[in-house]
Amino acid sequence: MKVTIVGAGNVGATCADAMAYRRIASEIVLVDIREGFAEGKALDIMQTQTTLGFNTKVVGSTNDYSKTAGSDVVVITSGIPRKPGMTREELIGINAGIVKSVAESLLQHSPNAIFVIVSNPMDTMTYLAFKSLGLPKNRVIGMGGALDSSRFKCYLSLALEKPANDIQGMVIGGHGDTTMIPLTRLASYNGVPVSQFLSQDKLDKVAADTMVGGATLTGLLGTSAWYAPGASVCYLVDSILNDQKKMIPCSVYLEGEYGQSDICIGVPCIIGKNGVEKIVDVDLNDAEKALFAKSADAVRAMNGDLKSILG
Ligand SMILES: NC(=O)c1ccc[n+]([C@@H]2O[C@H](COP(=O)([O-])OP(=O)(O)OC[C@H]3O[C@@H](n4cnc5c(N)ncnc54)[C@H](O)[C@@H]3O)[C@@H](O)[C@H]2O)c1
């Protein structure tokens, strides 16, 4: 199986490294606009083959999309990341032009690929890719919910003082500091509701920490994070390539699901070889439904900024 990742920066290269090490694909192509940069990252990853014990071929390319031909999955991470104090939304103007042109070049060379959009503001970039590529909705997937959910489970495990892999939980809604919705009511510690172990105050703090999880790291690092984002992309692409049917919250085009239409926003999806194989209809309570509607309003307002690009 072949995967292309556009953007060989922090997230793209980490994602390639995780995919190679975990052997989820036979070939990975890294593309970047910076002369020689993707080639350098690819070669560096290839030189970990014998010490880490994998045989995945990793190829770099400076904007030559012919090398991406026949990819099964393409991942778009190209664009600028957040700096401290910036919201994901402030990236829209620059990243929209980049995402649209990159997506079109990828489609020319890999007409059957499943598209995974990572560049921020991710829900709006996913909507842009969906609208401009004209692909069926199962083939355009925004990655944000996998990352937000892994941050949620990390904060829950810290609050519970229990191993993160014993925790289940999801974050749905928009991939923004104020739009994401950690579903604390449905989170569990090995199937037992976390509310049995944590007070409402502690659960509220976990949810608040999750929502600013990205901003906290941007403040600490001076740019947005990459290990957890790269690993989350790998987790999602693994479920596609290996037809794992994992339930992962992803930003997908909605046509009435969760009471919303003409929008890409995070909802739980079954992810397999066809991309989004099913949108799971979780029974939200009234408060969660209201949060979802508010989140969708915010994402839709941002999509309005795409009018000049989409025509
Ligand atoms: N969805 C998520 O959960 C999530 C998480 C983290 C970061 N992000 C987003 O991912 C994007 C990348 O973040 P990063 O930290 O890797 O940034 P980065 O600056 O380290 O890397 C971005 C790379 O894109 C390249 N690039 C720019 N324009 C290009 C083009 N037209 N074609 C090919 N390559 C191009 C740059 O040269 C750079 O190497 C940002 O928009 C960031 O906000 C999303």
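Quick caveat: nothing in here was measured; it's all calculated off a predicted structure. Just follow the structure's listing: the first ligand is 1, and inside any ligand the first atom is 1.
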Query raised in the report: Would Lys153 and Asp166 pass as an ion pair if we require N to O under 4.0 Å?
Result: no
Query raised in the report: Taking 4.0 angstrom as the limit, do Lys202 and Asp204 come out as a salt bridge?
Result: no
Query raised in the report: Do Lys137 and Glu257 meet the salt-bridge criterion of a basic N to acidic O distance under 4.0 Å?
Result: yes
Report task. Please determine, by modelled atom types, if Thr4 and Thr68 share a side-chain donor-acceptor pair under 3.5 angstrom. Result -> no
Query raised in the report: Does anything in residues 235-281 pair up under ring pair (Phe, Tyr, Trp, His ring centres under 6.0 Å), and if so which pairs, sequence neighbours excluded?
Result: Phe130-Tyr253, Tyr258-Phe292
Requested in this report: With a 4.0 angstrom cut-off on heavy atoms, strictly below it, pick out the residues next to ligand 1 and order them by chain and number.
Outcome: Val6, Gly7, Gly9, Asn10, Val11, Asp32, Ile33, Arg34, Phe37, Thr77, Ser78, Gly79, Ile80, Pro81, Leu91, Asn95, Ile98, Val102, Val118, Ser119, Asn120, Met122, Met143, Gly144, Leu147, His175, Ser224, Ala225, Pro229
Query raised in the report: Any side-chain donor paired with an acceptor under 3.5 Å for Asp201 and Ser199?
Result: no
